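Can you keep this structure in mind? I'll have questions shortly.
All of these numbers come straight from a predicted model, not from anything done at the bench.
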Amino acid sequence: MASPLVQYVVVRADLLRALKWPTGAVIAQACHACTAVLHVYRDDTNTRDYLAGLDSMHKVVLEAKDEESLCMLAEQLQQNNVDHKLWIEQPENVATCLAVKPYPKSEVQKHFKNFKLFK
């Protein structure tokens with residue numbers, strides 16, 4: 001059986017806890033990153049298949065400790081040719097969230113082992 005398609009989303013936990021951003025603003029960052037990556041990779045086969053199953057999409061939302069750890073993940077993903085979008089919030093010009101395009105879970109899960117579920 002093929003590995004299910006999954007979209008990993010990594011949000012900075014410090015936005016909520018240390019920087020005291022409103023919950024809605026933090027959720028908006030994840031929405032921005034997810035929308036952007038799906039748009040950028042809209043012609044990708046995995047993205048099309050993922051969106052075709054609209055009522056069975058699977059996302060894993062994880063937390064990064066801070067901007068540095070989020071940017072380090074983005075660099076690792078880039079080095080491993082994992083397509084993603086690092087969302088840079090404007091006008092603050094800070095990285096807030098990262099979303100990968102949909103991938104079979106078995107192909108990308110290893111890159112997220114050091115991150116916990118966002119709480």
With a 4.5 Å cut-off on side-chain heavy-atom distances among I, L, V, M, F, W and Y, is there a chain of contacts connecting Val60 to Val100?
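Both belong to a single hydrophobic cluster.
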
What do you reckon, is CE of Met57 surrounded by more than 12 foreign heavy atoms closer than 6.0 Å?
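Count over threshold, so yes.
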
In this structure, would Phe115 and Val11 fall into the same cluster of hydrophobic residues linked by side-chain contacts under 4.5 Å?
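Phe115 and Val11: separate clusters.
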
Closest heavy-atom pair and its distance - Glu89, Glu92
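Residues Glu89 and Glu92, closest heavy atoms: CG-OE1, 3.3 Å.
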
How far apart are the closest heavy atoms of Leu86 and Ala95, and which atoms are they?
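Closest approach of Leu86 to Ala95: CD1-CB, 4.0 Å.
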
SG of Cys34 to CH2 of Trp87: how many Å apart, nearest 0.5 Å?
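One finds 11.0 Å between SG of Cys34 and CH2 of Trp87.
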
Within this structure, what is the OH-NZ distance for the pair Tyr8 and Lys101, rounded to the nearest 0.5 Å?
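Here the interatomic distance stands at 15.0 Å.
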
Between the main-chain N or O of Asp83 and the side-chain N or O of Tyr103, is there a donor-acceptor pair closer than 3.5 Å?
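Present.
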
Looking at Asp44 and Asn46, what are the two nearest heavy atoms and their distance?
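Nearest pair, atom of Asp44 first, then Asn46: OD2-N, 2.9 Å.
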
Nearest heavy-atom pair of Val37 and Gln7: which atoms, and what distance?
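Result for this residue pair: CG1-NE2, 3.1 Å.
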
Quick one: do Val6 and Val82 end up in the same hydrophobic cluster if we chain Ile, Leu, Val, Met, Phe, Trp and Tyr together by side-chain heavy atoms under 4.5 Å apart?
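Result: yes, single cluster for both.
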
Contact summary for Leu70 and Thr96, nearest pair of heavy atoms
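Heavy-atom minimum between the residues: CD2-C, 3.5 Å.
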
With rounding to the nearest 0.5 Å, note down the distance linking NZ in Lys119 to CZ in Arg17.
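One gets 9.0 Å once the value is rounded to the nearest 0.5 Å.
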
Is a donor on one side and an acceptor on the other found under 3.5 Å between the side chain of Thr47 and the backbone of Arg42?
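No, because the side chain of Thr47 does not come within donor-acceptor range (under 3.5 Å) of the backbone of Arg42.
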
Between CD on residue Glu68 and CG on residue Leu73, distance to nearest 0.5 Å
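Spacing of CD (Glu68) from CG (Leu73) equals 12.5 Å.
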
Other residues, nucleotides and ligands only: do more than 12 of their heavy atoms fall within 6.0 Å of NZ on Lys59?
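Atom NZ in Lys59 is packed in, count exceeds 12.
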
Would you say that Leu38 contacts Pro102 through its side chain, given a criterion of any heavy-atom pair below 4.5 Å between the two side chains?
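Sidechains of Pro102 and Leu38: in contact.
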
If you group Ile, Leu, Val, Met, Phe, Trp and Tyr by side-chain heavy-atom gaps below 4.5 Å, do Val108 and Leu5 land in one group?
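In one cluster with Val108: Leu5, no.
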
Judged by atom type as modelled, is there a donor-acceptor pair below 3.5 Å linking the side chain of Lys110 to the main-chain atoms of Glu107?
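Absent.
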
Spatial distance of atom NZ (Lys85) from atom CG (Leu98) [nearest 0.5 Å]
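It is 10.0 Å, given to the nearest 0.5 Å.
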
If you count the non-hydrogen atoms of other residues, nucleotides and ligands that lie under 6.0 Å from CD in Gln76, is the total more than 12?
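Yes, the 6.0 Å shell around CD holds more than 12 heavy atoms from other groups.
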
Please say whether more than 12 non-hydrogen atoms of neighbouring residues, nucleotides or ligands are located less than 6.0 Å from CD in Glu67.
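For Glu67, atom CD is crowded (more than 12 foreign heavy atoms under 6.0 Å).
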
Exercise: identify the closest heavy-atom pair between Glu63 and Phe118
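Scanning both residues completely, I find the closest heavy atoms to be CB-CD1, 3.4 Å.
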
Working to the nearest 0.5 angstrom, can you tell me the gap between Leu16 CG and Ile27 CD1?
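Here the interatomic distance stands at 8.5 Å.
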
Do Val61 and Leu117 belong together in a cluster built from hydrophobic side chains that touch within less than 4.5 Å?
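Not linked; separate clusters.
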
